There are 4 protein chains.
Amino acid sequence: MIFASDNWSGAHPAVNEALAKAADGMAAAYGASDIDKAVEQRFNEVFEREVAVYFVGTGTAANSLAFAAVNRPGGVVMCHREAHVIEDECGAPEFFTHGARMAPVDGAGGRLDPENLRRELKRFRPGFVHAGQPMAVTLSQATEAGTLYATDEIEAIAAIAHEHDLSLHMDGARFANALAATNSSPAEMTWRAGVDILSFGATKNGCWCAEAVVFFDPEKARQFPYIRKRGAQLFSKTRFMAAQFMAYLEGDLWLELAGHSNAMADELRAGIAASSHARLAWPTRSNELFAVFETATAERLRREGAVFYDWNPPHDGSVPVGENEMLARLVTSWSTRRDDVSHFVELIQ
Amino acid sequence: MIFASDNWSGAHPAVNEALAKAADGMAAAYGASDIDKAVEQRFNEVFEREVAVYFVGTGTAANSLAFAAVNRPGGVVMCHREAHVIEDECGAPEFFTHGARMAPVDGAGGRLDPENLRRELKRFRPGFVHAGQPMAVTLSQATEAGTLYATDEIEAIAAIAHEHDLSLHMDGARFANALAATNSSPAEMTWRAGVDILSFGATKNGCWCAEAVVFFDPEKARQFPYIRKRGAQLFSKTRFMAAQFMAYLEGDLWLELAGHSNAMADELRAGIAASSHARLAWPTRSNELFAVFETATAERLRREGAVFYDWNPPHDGSVPVGENEMLARLVTSWSTRRDDVSHFVELIQ
Amino acid sequence: MIFASDNWSGAHPAVNEALAKAADGMAAAYGASDIDKAVEQRFNEVFEREVAVYFVGTGTAANSLAFAAVNRPGGVVMCHREAHVIEDECGAPEFFTHGARMAPVDGAGGRLDPENLRRELKRFRPGFVHAGQPMAVTLSQATEAGTLYATDEIEAIAAIAHEHDLSLHMDGARFANALAATNSSPAEMTWRAGVDILSFGATKNGCWCAEAVVFFDPEKARQFPYIRKRGAQLFSKTRFMAAQFMAYLEGDLWLELAGHSNAMADELRAGIAASSHARLAWPTRSNELFAVFETATAERLRREGAVFYDWNPPHDGSVPVGENEMLARLVTSWSTRRDDVSHFVELIQ
Amino acid sequence: MIFASDNWSGAHPAVNEALAKAADGMAAAYGASDIDKAVEQRFNEVFEREVAVYFVGTGTAANSLAFAAVNRPGGVVMCHREAHVIEDECGAPEFFTHGARMAPVDGAGGRLDPENLRRELKRFRPGFVHAGQPMAVTLSQATEAGTLYATDEIEAIAAIAHEHDLSLHMDGARFANALAATNSSPAEMTWRAGVDILSFGATKNGCWCAEAVVFFDPEKARQFPYIRKRGAQLFSKTRFMAAQFMAYLEGDLWLELAGHSNAMADELRAGIAASSHARLAWPTRSNELFAVFETATAERLRREGAVFYDWNPPHDGSVPVGENEMLARLVTSWSTRRDDVSHFVELIQ
């Protein structure tokens with residue numbers, strides 16, 4: 001009953017097979033091999049347009065280097081107050097951008113609120129050097145709160161970003177889960193809605209280590225090869241990452257895996273909603289859910305082998321957690337077993 | 001006939017098997033799983049003492065984050081003038097240390113010359129803030145020039161470093177090749193000779209992506225978990241790296257692979273020494289060699305399928321390259337085939 | 001009628017005289033001259049204990065380098081949401097610390113709220129690298145909102161900071177104004193209340209360019225000489241700054257000047273409170289005040305020659321500004337003329 | 001007999017008068033006052049074209065921020081091996097550029113050798129990310145070694161820089177001394193010879209604190225206002241710096257002062273050349289000179305009150321210093337007294 005994080009899962013057999021197959025012989029290093037080129041082509045197909053794609057090793061690297069690519073001196077990134085880039089990357093975005101500020105914007109359910117975004121941007125007057133200068137807006141899809149943006153919500157945020165001459169970045173650590181939950185196409189959810197750069201995560205959903213930065217405007221990527229190398233994220237044997245992506249994107253494996261993950265979360269959500277010892281903290285749709293448990297219940301579940309994390313409540317005070325309660329995050333993955341879910345649901349009733 | 005670089009090789013079957021085996025089920029992320037702990041223990045055994053070991057994704061990351069761990073404001077790293085950290089990491093060491101200077105020290109055959117090192121250090125007067133302050137000495141073993149330091153040479157450099165209160169770092173991207181060529185033990189070549197921090201590379205020698213920073217004084221690593229995470233080098237599914245290391249270090253596989261690689265280079269060296277169209281640029285002992293080819297010969301070899309890089313000659317002018325000549329670097333690997341070597345040697349006669 | 005900022009004032013005659021006197025002859029550069037030493041001694045007297053004092057050129061430098069001195073990898077500074085270090089330094093604090101995060105904490109009237117501070121700190125679990133690690137708390141005295149902390153309020157915040165092993169920094173760009181308004185002693189307002197590092201500003205209050213970083217624990221300053229030089233803030237002719245400080249601190253000139261400045265603000269406050277076209281946005285006590293003007297009134301005042309800035313309202317929504325209104329900041333200085341104040345007060349009735 | 005450095009001098013009376021005059025009344029801060037504008041216009045006249053000029057507080061800031069303005073990821077600055085930016089700025093250039101490398105180029109007499117420069121640049125192959133990418137060439141005029149570049153030498157270096165799409169920066173900490181020694185015009189020595197950015201120093205030659213970055217192509221300065229503010233070098237009361245520049249540039253005061261300084265150095269040079277206890281280490285022409293003294297002579301001079309620094313010999317070994325000898329640097333300034341020079345010359349015979 002491991003619901004700690006989707007990165008507690010391993011790698012899908014298809015990914016391992018692809019790796020074993022790629023292991024033989026010699027191939028050009030640093031992204032120049034045939035399989036690297038094939039993956040680049042595959043990304044063009046997935047996104048229905050030419051993209052510039054760069055592999056990196058971690059989601060933190062993807063986000064941080066994406067910001068570095070579009071940064072300006074005194075740059076500011078507008079992001080949700082509980083965004084991963086603020087709360088969970090140990091300052092890497094600030095570090096890789098040499099100090100760009102991650103400016104928190106409030107919004108219900110982990111989603112950037114367009115009106116708040118607009119109000120925050122209004123605080124920056126053009127040419128007023130003291131305040132610095134916004135350079136990007138970032139949103140996560142699925143969000144850190146397990147919620148999703150509808151396509152038109154992304155469009156609304158993109159419109160604001162572009163009005164202010166800012167790049168729109170999407171943190172897609174759980175991009176596949178968002179696609180699987182909405183039946184949107186990759187193109188619809190990104191560049192057609194106005195996204196300029198995507199952190200495309202595959203690690204959590206069946207790969208070992210496969211993350212990519214996808215630029216929908218290749219011009220924005222012009223200095224990225226140097227940015228990536230300087231950032232120690234240019235891997236020598238890139239075919240090991242390319243092979244994972246090939247297997248991952250083959251025949252919609254990625255969407256199937258995400259679909260399973262989401263379905264497992266649906267069952268957990270239903271079980272918690274039906275429980276008298278727990279309640280869902282807010283509605284979610286992807287493979288993450290947040291629940292308020294009685295402390296005693298949480299302890300009992302953990303004694304029975306359930307693994308899940310304590311979580312910080314939102315800053316906006318929208319989720320009251322009582323004295324004898326705790327807020328828990330539960331995450332399912334491509335390898336979550338239905339039996340574990342059923343058992344957990346039983347235990348919680 | 002690929003002699004471009006040892007990172008053109010793939011992964012050893014044992015490494016792939018270990019990965020496949022690790023792929024199943026759930027395991028704690030971010031270094032907390034059983035296999036992570038087992039690898040840490042294995043490193044203690046390999047080095048015959050307790051060490052603090054941290055996985056990272058690239059050799060550039062290992063070197064850069066190691067420097068970050070011991071840096072001081074205005075810090076200076078003394079290194080060979082043609083060191084990888086100067087010439088081939090796109091400024092990553094300077095970037096991750098926020099601007100530490102890589103100060104070039106001359107020395108024959110890619111080896112730091114102790115007397116030159118001492119003279120350069122003398123230029124820094126204690127407390128004279130304008131010059132900055134040295135904070136580390138780094139040497140590569142095997143060196144970028146394919147040569148090796150004898151244990152007592154390392155000791156001599158360590159003595160100078162420690163006299164000046166500097167950490168001694170070893171860039172061990174080809175550490176196994178150095179061990180295999182000298183029959184030294186890992187302990188003898190490192191902490192017993194005075195090395196404080198080692199970049200332990202396994203990627204070039206049979207793994208996909210397996211690098212580690214090894215601190216012989218765990219106290220120096222106190223802030224390293226934050227340094228690594230901020231540097232976007234904390235991988236979530238660390239067991240994928242741990243599994244590689246387990247296979248790599250099992251039953252001396254790593255030394256066998258390096259031994260093969262060195263032996264292949266020996267044959268190439270012998271063949272070039274015997275050729276009338278080429279000459280060895282300087283003596284080497286590991287899996288790298290440098291040769292001056294007639295331009296016509298180089299072109300002919302390449303037409304026949306040989307792959308090797310043009311190389312910049314040393315700054316010290318010790319390797320004259322004529323008008324109709326070129327300097328080439330050739331590197332062998334664990335997967336270099338004897339047939340390829342023989343064929344190359346024939347072609348060059 | 002210039003109420004734009006106290007840095008629109010020039011330099012006090014005593015400061016100019018001191019400069020002219022120091023101009024002759026030769027003196028050791030970089031802080032080693034007799035007058036430099038005399039100022040250091042003067043600071044000891046002012047603060048009634050031994051301090052380590054370092055001159056820098058701007059308040060932004062003082063704050064940023066102070067943070068750099070106590071930073072840790074992944075470091076986080078807790079500060080008020082509308083602090084100068086967030087809103088008005090163009091990312092310099094993040095830049096000089098290589099990406100420390102300025103974490104916004106809410107609080108009424110520009111003052112850090114201890115309860116909110118404690119709640120924000122609770123979000124950081126020890127050793128949880130993802131969140132980074134708090135390294136300092138900073139407060140401004142007087143605040144950016146023109147308010148003041150009482151001594152026991154500083155003590156309360158210091159207690160929280162020290163419980164969490166964090167340095168407490170005070171941004172004293174208007175330190176003299178705070179002292180003059182409260183009759184506290186420099187010692188009472190700083191180290192006796194738990195402040196570890198003070199940005200001591202003199203520029204706004206009668207000097208040309210005189211800022212200092214004062215460490216109450218000299219041990220924390222150990223690497224500061226290198227941090228300052230690397231930060232391009234080590235001036236060669238430090239006696240030009242020392243001379244300003246000598247004149248500034250002589251015979252309580254600094255407190256007299258601040259007293260005048262505060263008194264001028266008091267008259268403005270009284271005038272605005274009595275006006276039917278304007279209202280004070282919140283109570284202030286130092287030389288800054290904030291008023292909501294009818295837009296028409298603001299335009300009329302500006303036509304008559306009044307200079308003041310439009311200001312962003314607090315994030316917390318506590319200051320409603322109507323459609324036909326604007327929020328203005330007014331600042332007085334040591335050289336503000338009573339006539340200008342009287343004239344402004346007349347105009348606003 | 002102070003020959004330690006020209007920054008041991010104070011400020012010229014005309015500079016003090018200008019400051020006193022500027023001290024009264026209110027003026028727009030942060031570079032927006034009338035006197036700021038007047039100085040900008042004065043710079044246009046001095047350089048016979050429109051320039052973009054930005055005041056900063058130190059020469060280190062001028063150089064470092066200039067590099068930051070033209071940096072690229074993985075950027076490399078080509079500079080003389082003994083350049084101030086390498087040897088005397090505590091890593092500030094690396095710091096402000098987030099790790100650009102200062103790549104040392106050898107050359108006799110402290111001057112970049114064009115052939116060596118070309119050879120070093122050749123080591124960088126276009127698009128080869130590992131090596132990083134050159135972004136600027138910098139030379140000092142007068143050099144750190146007290147020598148000068150002839151105009152055509154600057155042109156030769158500019159041609160190489162521009163061939164490689166690199167900005168040419170001139171460190172003009174002693175720019176006036178170079179002009180005074182050669183009777184070149186400011187335009188001839190800079191943009192007409194191909195210089196793109198100049199660090200214009202006035203501090204050493206009669207001001208308190210007056211440095212400027214001058215962009216001959218204002219487009220290169222587009223982001224500089226943010227770069228300067230983020231770098232904590234935007235002073236609030238810029239008129240204090242503007243006033244210094246006004247006095248300094250009025251009626252060629254700056255060139256007269258530099259002329260005196262150079263003349264004093266000429267007398268010292270003649271005296272040392274005639275001495276049997278000392279010899280000039282190499283020929284110099286500005287206000288710096290380098291001499292090899294018998295150790296006993298140096299001690300005697302110091303006992304008599306002479307102040308001068310020990311100096312590190314050039315890396316190229318061109319200046320042998322015997323066992324009983326030391327290498328000294330002597331610097332004269334606008335306020336060096338003829339009597340001191342005569343007395344020193346007597347003592348050394």
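Order of the sequence lines sets the chain letters (A, B, ...), proteins ahead of strands, with each chain counted from 1. Here the structure is a predicted model, which is why all the values come from computation and not from measurement. Below, each value reflects all heavy atoms present in this structure, side chains not excepted, and no hydrogens, waters or symmetry copies.
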Is there side-chain contact between [X] and [Y], with heavy atoms separated by less than 4.5 Å?
| X | Y | value |
| --- | --- | --- |
| B:Ser9 | A:Met26 | yes |
| A:Trp208 | B:Phe235 | no |
| A:Thr60 | B:Arg230 | no |

Would you mind checking which part of [X] comes under 4.5 Å of any heavy atom in chain A, side chain (CB onward), backbone (N, CA, C, O), both or neither?
| X | answer |
| --- | --- |
| B:Leu65 | neither |
| B:Ala32 | neither |
| B:Asp88 | backbone |
| B:Ser333 | side chain |
| B:His98 | side chain |

message: Would you say CG of B:Asp310 has more than 12 non-hydrogen atoms from neighbouring residues, nucleotides or ligands within 6.0 angstrom?
response: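 Yes - once you tally the heavy atoms of other residues, nucleotides and ligands closer than 6.0 Å, there are more than 12.
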field: Atom CZ of B:Arg302: over 12 foreign heavy atoms under 6.0 Å
entry: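 Yes - once you tally the heavy atoms of other residues, nucleotides and ligands closer than 6.0 Å, there are more than 12.
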- prompt: Can you say whether A:Asp6 sits under 4.5 Å from chain B via the side chain, the backbone, both, or neither, judging by heavy atoms?
  reply: backbone
task: Check each atom of A:Asn16 against the heavy atoms of chain B and say whether the ones under 4.5 Å are side chain, backbone, both or neither.
output: side chain
For chain B, which of [options] has the most heavy-atom pairs under 4.5 Å?
| options | result |
| --- | --- |
| A:Ala20, A:Gly57, A:Ala23 | A:Ala23 |
| A:Pro93, A:Gly25, A:Ala4, A:Ala62 | A:Gly25 |
| A:Pro13, A:Cys207, A:Ala92, A:Gly59 | A:Ala92 |
| A:Gly231, A:Ala27, A:Ala22, A:Ser236 | A:Ala27 |

Taking every heavy-atom pair that is under 4.5 Å apart, which of [options] has the most such pairs with chain A?
| options | value |
| --- | --- |
| B:Ala61, B:Ala28, B:Ser64, B:Ser335 | B:Ala28 |
| B:Tyr226, B:Trp8, B:Phe240 | B:Trp8 |
| B:Gly91, B:Ser33, B:Cys209, B:Ser5 | B:Cys209 |

message: Could you report the tightest heavy-atom contact between A:Lys229 and B:Glu89, atom names first, then the distance?
response: CE-CA, 3.8 Å
query: How close do B:Leu19 and A:Leu19 get, heavy atom to heavy atom, and via which atoms?
result: CD1-CD1, 4.1 Å
- prompt: Can you say whether the rings of A:Phe96 and B:Phe96 are parallel (under 30°), tilted (30 to 60°) or perpendicular (over 60°)?
  reply: perpendicular
field: Flag, side chain of B:Lys237 to backbone of A:Thr203, donor-acceptor distance under 3.5 Å
entry: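 At least one qualifying donor-acceptor pair exists.
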query: Do B:Gln233 side-chain atoms and A:Ala232 backbone N/O form a donor-acceptor pair below 3.5 Å?
result: yes
